[in-house]
Asks: 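Would you mind keeping the following structure in view while I ask a few things?
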Amino acid sequence: MQLSSFALVMLGLLLSAWSVGAAWIALGAHGRARQARGARGNVRRLTRMIDTAPALPLLVRSDGRIEGPERLAALLGHDALPAYLTELDRGPAGLTSADVETLAEEVRRTQRSAAPFATVVPTRSGRSLAVRGQLADPAIAPASTALLWFFDMSDSHAELAAARSQAAQTSADFAALAGLVEHAPLPMWVRGTDGSLRFANQPYVSAVGAVDVDDVLTRNLELVEPVDGMTPRAAAARALEKGAPLTRRVQATIAGERRALRVTDLPVPDTGQVAGYAIDVEEREALARELAAFRAAQRALLDHLPLAVAQFSADRRLDFVNEPFVRIFALPPDAAEGLAFDRLLDRLRDGGRLPESRDFPAFRRELASWFQADAPVRADWTVKGGMHLRVLGVPLPDGGLVLVAEDRSDQLAVLATRDTLLRVRTAMVDNLFEAVAVVAPDGRLQLWNRRFGLLWDLPEDLLHEEAGSAPPRFEAVLQAIATRLARPAQSAAIGDVVRAATLDRRMRAGQVLLADGRTLAFAGVPLPDGNGMLTTLDITGQKLREDVLRERADLVERADQALQQAAVPVVPGARETVDLLPFVTAAVRAQEAAISAGNLMLDLRGDRGAGEVQADPAQLGEALQILLGRAIADCRPGGRIQVTLAGPRKPERIVLAHDGIAIAPTVLEEALGSAPPRSEAGRVLARARTLVEAQDGKLRLRSDGVRGTIAAITLP
C-alpha cells in the first residue's frame, strides 16, 4: 500500500513535471511559430524592398554562377537570368562581350582581394548601368562570393552628358566673351557688390597707365574723375539702385591727353555687380564741331551765290534757304524755315512761282518723289511773269533734299538775241559780195559763205557739212584751190596768209591768177576770238579798170597835150577825100584796148553807103579821138558806146553817143561857147569843135544832164 502511494506520488510528480514540460514546450513552440511568422513577414518586406529598390543585387559565386532577382534579368536585357556571369552577353539586348569580359575581370579581382570596384556598362538596348561590386558577407553567401549592385543610370547619364555639353559650351562662350572683352577697343570693367573694381580689360589698364590688371585692382585705379561731386563708384551705385544703365559724358586724361568719354554703368542682374564701359567721343565731337563750322561756312557761301538754294530735312521740312531763294520765290524770310514741303508748295503756287498745272496734286506727288530719287532730278519751269527757272533736286543720303533753282530769264533772252545775231550774221555773210571763210587755229573751217565755194570753184562735197560731223580741214580746201590756179605753187602763199592771221595774229594779203583767167585778191584778217578770216574778192574787172585807168591816164596826158595845143589857132590843112567807114573804123580800133579794159561795148553802125567827105584826115582824126576818149572816160564798166555813120543826104555824118556820165552843162557851155573855156574838159572839147569847124563842119553836143552824151559832127 505504501509503495503504491509512493508510486502514485512519484507518478503524480512525473505527471506534474511532464505537464510543466509540455507547457514549456507548448509555450516555446508558440514563440517559435510567432518568430517564424515575423521572419516570413520580414523576408516578404525585404523582398519587396529589393524589388522596388533603385539598385538590384547580383551574387557571383567563385565558380561564376550568379543569383539575382527577375527584375535584374529584364534590366540586363534577358527574359530570365542566365546561370553564369559570362552568359550575360547573350541576346540582342544584353551586354556586349567586351563589357562582360571587363565586368568579369573586376569581379575576379574583388573575389581575390576583397577590393570594391565601380564601373559603368551599357546595354545593347541603349541603357546605361552603374555597377558597384564588393565581397559578400559570409552570412549572406559562401566565401569568395561577390555582391554586385546594379543601378539604372540611363536618364541620369543623359542628363549628365547634356549638362557636361552645356557646361563645355558655356565655358567656351565665357572664354570667347572674356577674350572679346579683353581685346575690345574700349575700356571695360566690373565692380563688386562693394563698388570696388573686380575686373578690367587691357584697354582699361593702358588708359590708366597701370602695369597689369593686378596693379589696377590693387591700387583701385579709376579711369574717370568725379563730375559735379559724383565719383565713379557713386555713379555705379546709382545705376544699381535704378536697375537701369546710366550714361554720362565725362572728361578723362588718357596717355597725357584730355579726352571726352561717354561712360555707361550697367547693372548685372541678380549679382549686385555693375559692369561699365567707356567710349572715346573726342574725335566724334571734334567732327561734329567741324561739321557745324562747315555748315555755317557753307550757308554763308550759299547766301552769296546767285543760285537759289533750299535744303529740306528727312521729315520734309524746310531747314535752310538762302537769300536768292527768298527773293526769286517771293517768300517772307521770317516764315520760311521750318515750313513743311507741301505747305511751301502751296505758298509758291499762290505766289505764281510754280508752273501752271491742271492736276496740281499729281504735280505735288511728283515733286515729293524727288526725296526718294536715286539720282539728281532736273526740270524747267516757266512761271508767272515769263520767268524761266531751271530747277535741280538733289536727294540727300539722310532722306532730305536740296532744291537748287536758277533764274535763266536773262540768259534765255541773251541766247535769243545771240540766235538772232547768228542768223543775221549767217544771212549777211552769205550775201556778201566777198567770199569769206573763218579758219580755227587747229586748221579747221569754222564758217564760210556760199560765194567762197563758187569763187574758188571748189567741189560741192568738199564743203558739205553733215550733222554731227567735224568741219573740213583747210589743208583739203587748199589742195583743191591749188588745182584751180594758173600756178599751183601759189597755194602756199594762201596758206601762209591764213597761218599769219590765226597763229601770228597779223594781217597779210595777196593776189593769184586762176587758170580760167580770173584774178582773185585775198587777205587774212585775225579775229578777236582767236580765229582767222580769209576774204577773197574777184578783181578781174578791177584789174581791167586799172588798165583802163592807165589807158585813161595816157589819154588824159594826150588830152593835156591837146590843151596845150587848143590854145594854138587851128590852121586849115590840105583837104583830101576821106572815105568815112574805113576812116572811123581805124579811129575806133585805135581805142580798142581802152574799150576792152573798161569792159565796155562799142557798136559801130555804118557801111560803104556812108560816102566820102573832103577834110584834113589828121585834124578830123584828132577830133574823133578826143570825142572817143571822152566817151570811154565817162562810161562805167559794162557801159555802151555807139558810133553811127550817115550818108550824104543827112547833115550829121558822124554821131557818137554813150550811156555814161552826162556832160556837165557848164562844160557844155565852155565847149560850144565863144568865151575861153576854164575847165580842162571844156578846153579839150573846144579843141575838138575847132578841129571840126576847120573842115567847114560843125560839132553839136547834147545831154539831158542825167545820163549819157551825144556828139554829132556835121560835114559838107
Side-chain angles (χ1 to χ4, degrees), residues 284 287-422 467-469:
R284 187 179 68 179
L287 290 176
R289 291 191 295 269
E290 292 180 2
L291 178 60
F294 173 75
R295 293 187 63 183
Q298 183 187 40
R299 294 187 173 185
L301 175 63
L302 293 177
D303 274 333
H304 292 83
L305 286 179
L307 300 176
V309 181
Q311 183 173 351
F312 297 88
S313 59
D315 59 355
R316 300 190 178 181
R317 288 192 173 273
L318 193 59
D319 191 29
F320 166 77
V321 291
N322 65 350
E323 191 276 333
F325 192 93
V326 174
R327 184 186 68 254
I328 291 177
F329 290 97
L331 291 176
D334 54 346
E337 294 193 13
L339 197 63
F341 182 73
D342 293 341
R343 186 71 185 91
L344 175 65
L345 294 182
D346 293 336
R347 185 167 294 183
L348 296 183
R349 182 191 185 191
D350 296 339
R353 288 302 186 267
L354 289 181
E356 293 293 334
S357 175
R358 294 182 179 179
D359 190 354
F360 183 71
F363 179 76
R364 186 203 304 270
R365 289 191 298 271
E366 180 184 356
L367 293 185
S369 65
W370 291 6
F371 282 87
Q372 289 84 28
D374 298 330
V377 184
R378 293 174 173 82
D380 292 320
W381 292 355
T382 301
V383 300
K384 184 178 180 181
M387 181 183 294
H388 297 273
L389 300 178
R390 174 165 290 181
V391 182
L392 173 66
V394 182
L396 299 178
D398 61 354
L401 179 72
V402 173
L403 198 65
V404 182
E406 180 185 6
D407 186 357
R408 294 180 56 84
S409 303
D410 295 339
Q411 297 182 21
L412 292 178
V414 171
L415 290 177
T417 304
R418 175 180 176 272
D419 185 62
T420 302
L421 291 176
L422 288 177
S469 62

Asks: For Arg317, check salt bridge (Lys or Arg N to Asp or Glu O under 4.0 Å) against everything at least two apart and list the hits.
Replies: none
Asks: If you look at every heavy atom in Asp407 and Ile328, which pair is closest and at what distance?
Replies: CB-CD1, 4.1 Å
Asks: As an exercise, state the distance from CG of Leu307 to CG of Leu403, rounded to the nearest 0.5 Å.
Replies: 11.5 Å
Asks: Pairs in or reaching into residues 359-384: which pass salt bridge (Lys or Arg N to Asp or Glu O under 4.0 Å), with residues at least two apart or in two chains?
Replies: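 Sorted pair list: Asp346-Arg364, Asp380-Arg390.
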Asks: Would you mind reporting whether Leu339 and Arg347 have side-chain heavy atoms less than 4.5 Å apart?
Replies: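 Yes - at least one pair of side-chain heavy atoms lies under 4.5 Å apart.
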Asks: Is there a side-chain contact between Val402 and Phe320, using heavy atoms and a 4.5 Å cut-off?
Replies: no
Asks: Flag the pair Phe363 / Pro355 as yes when at least one side-chain heavy-atom distance between them is below 4.5 Å, and no otherwise.
Replies: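 Of all side-chain heavy-atom pairs linking Pro355 with Phe363, at least one is under 4.5 Å.
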Asks: How long is the span from the CG atom in Leu396 to the CZ atom in Phe312, to the nearest 0.5 Å?
Replies: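 Those atoms lie 11.0 Å apart.
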Asks: Of all heavy-atom pairs between Arg349 and Phe360, which one has the smallest distance, and what is that distance?
Replies: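 Reported closest heavy-atom pair: NH1-CD2, 3.4 Å.
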Asks: Leu401 and Gly393: which non-hydrogen atoms are nearest, and at how many Å?
Replies: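 The pair with the smallest heavy-atom distance is CD1-C, 4.0 Å.
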Asks: Counting only heavy atoms from other residues, nucleotides and ligands, does the tally under 6.0 Å from CD of Glu356 exceed 12?
Replies: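 Counting neighbours around CD of Glu356, 12 or fewer heavy atoms of other residues, nucleotides or ligands fall under 6.0 Å, so no.
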Asks: Please walk me through it: do Phe371 and Phe341 pass ring-ring contact (aromatic ring centres under 6.0 Å, His included)?
Replies: CA-CA 11 Å; Phe371 282 87; Phe341 182 73; 5.1 Å; yes
Asks: Any heavy-atom pair between the side chains of Phe325 and Val309 that's under 4.5 Å?
Replies: no
Asks: At what distance, to the nearest 0.5 angstrom, does CZ of Arg327 lie from CG of Asn322?
Replies: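 If we round to the nearest 0.5 Å, Arg327:CZ and Asn322:CG are 8.5 Å apart.
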Asks: So how far is it from Gln311 CD to Asp319 CG, rounded to the nearest 0.5 Å?
Replies: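 The CG atom of Asp319 is 5.5 Å from CD of Gln311, to the nearest 0.5 Å.
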Asks: Between Phe329 and Val321, is there a side-chain heavy-atom distance shorter than 4.5 Å?
Replies: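 The answer is no, as the side chains (C-beta and beyond) never meet within the 4.5 Å cut-off.
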Asks: Counting C-beta onward and ignoring hydrogens, is there a side-chain heavy-atom pair between Met387 and Thr382 closer than 4.5 Å?
Replies: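 Not touching, per the 4.5 Å side-chain cut-off.
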Asks: Can you name the residues that form a side-chain hydrogen bond (donor to acceptor under 3.5 Å, both in side chains) with Ser357, not counting sequence neighbours?
Replies: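 Applying side-chain hydrogen bond (donor to acceptor under 3.5 Å, both in side chains) to Ser357 gives none.
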Asks: So, do Leu367 and Leu345 sit near enough that their side-chain heavy atoms are less than 4.5 Å apart?
Replies: yes
Asks: Less than 4.5 Å apart, side chain to side chain, heavy atoms only: is that true for Leu348 and Asp350?
Replies: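 Not touching, per the 4.5 Å side-chain cut-off.
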